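This chain uses plain numbering: 1 for the first residue, then up along the sequence. All values derive from a computational prediction rather than experimental measurement.
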Amino acid sequence: YNLVVLQNDDKTAVDTGLKYVNNDACYPSLIVIGQIMDALLSGKYDLDHTAVLMSQTGGGCRASNYIGFIRRALEKAGMAQIPVIS
């Protein structure tokens with residue numbers, strides 16, 4: 001396995017996040033989803049041999065929605081084959 005910790009926490013990640021997550025989501029979720037989608041859309045990864053790994057809280061805050069946000073973004077981008085592991 002090759003694990004990549006994404007470092008692209010910039011304006012591009014925010015803009016990409018806004019494209020795939022509704023704008024009433026919290027700002028940190030926009031950045032996280034934007035980072036993931038920006039990386040996957042970069043062409044650097046074989047999307048048929050890639051998975052997304054994200055830790056998840058069990059609380060009632062929006063952080064527990066990240067997995068759903070990621071899955072929805074992947075589906076919207078035509079990448080529904082990518083597994084999301086929480």
Side-chain angles (χ1 to χ4, degrees):
Y1 297 99
N2 291 324
L3 180 68
V4 177
V5 177
L6 300 176
Q7 301 295 321
N8 56 340
D9 57 347
D10 55 17
K11 175 90 169 92
T12 303
V14 173
D15 291 341
T16 304
L18 284 168
K19 181 177 178 182
Y20 290 100
V21 180
N22 55 29
N23 62 0
D24 66 337
C26 63
Y27 188 70
S29 69
L30 291 175
I31 294 172
V32 170
I33 306 310
Q35 286 178 293
I36 292 167
M37 295 307 296
D38 186 47
L40 294 174
L41 293 166
S42 72
K44 294 179 185 177
Y45 305 99
D46 177 354
L47 301 181
D48 291 323
H49 295 93
T50 298
V52 174
L53 175 67
M54 174 81 184
S55 63
Q56 179 173 319
T57 65
C61 73
R62 291 184 177 156
S64 61
N65 294 324
Y66 280 33
I67 301 303
F69 285 162
I70 295 167
R71 287 186 175 138
R72 188 175 323 128
L74 290 171
E75 187 173 319
K76 186 175 181 179
M79 300 180 204
Q81 81 278 13
I82 297 176
V84 180
I85 304 164
S86 65

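- Put simply, the side chain of Tyr66 does not reach to within 4.5 Å of the side chain of Ile36, judged on heavy atoms.
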Atom pairs and distances, donor-acceptor, side-chain atoms in residues 69-86, under 3.5 Å, two or more places apart:
{"residue": "Arg71", "atom": "NH2", "partner": "Val84", "partner atom": "O", "Å": "3.1"}
{"residue": "Lys76", "atom": "NZ", "partner": "Lys19", "partner atom": "O", "Å": "3.0"}
{"residue": "Gln81", "atom": "NE2", "partner": "Asp48", "partner atom": "OD1", "Å": "3.4"}

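- Note on Leu47 and Val52: same hydrophobic cluster, where clusters join Ile, Leu, Val, Met, Phe, Trp and Tyr whose side-chain heavy atoms are under 4.5 Å apart, directly or indirectly.
- Sorted by first and then second residue, the side-chain hydrogen bond (donor to acceptor under 3.5 Å, both in side chains) pairs involving residues 32-43 (not counting sequence neighbours) are Asn8-Asp38.
- Evaluation of the side-chain hydrogen bond (donor to acceptor under 3.5 Å, both in side chains) rule for Asn2 yields no partner, not counting sequence neighbours.
- Asp15 is linked by a side-chain hydrogen bond (donor to acceptor under 3.5 Å, both in side chains) to Lys11, counting only residues two or more places apart in sequence or in another chain.
- Checked against side-chain contact (heavy atoms from CB on, under 4.5 Å), Val5 has the following partners two or more places apart in sequence or in another chain: Gln7.
- If you chain together hydrophobic residues whose side chains sit under 4.5 Å apart, Leu18 and Ile33 fall into the same group.
- Partners of Lys44 by side-chain hydrogen bond (donor to acceptor under 3.5 Å, both in side chains), not counting sequence neighbours: none found.
- The OG1 atom of Thr16 sits 12.0 Å away from the CD1 atom of Ile31 when rounded to the nearest 0.5 Å.
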>> One pair to check against side-chain contact (heavy atoms from CB on, under 4.5 Å): Tyr45 and Val4. What are the steps and the verdict?
In response: CA-CA 11 Å; Tyr45 305 99; Val4 177; 3.6 Å; yes

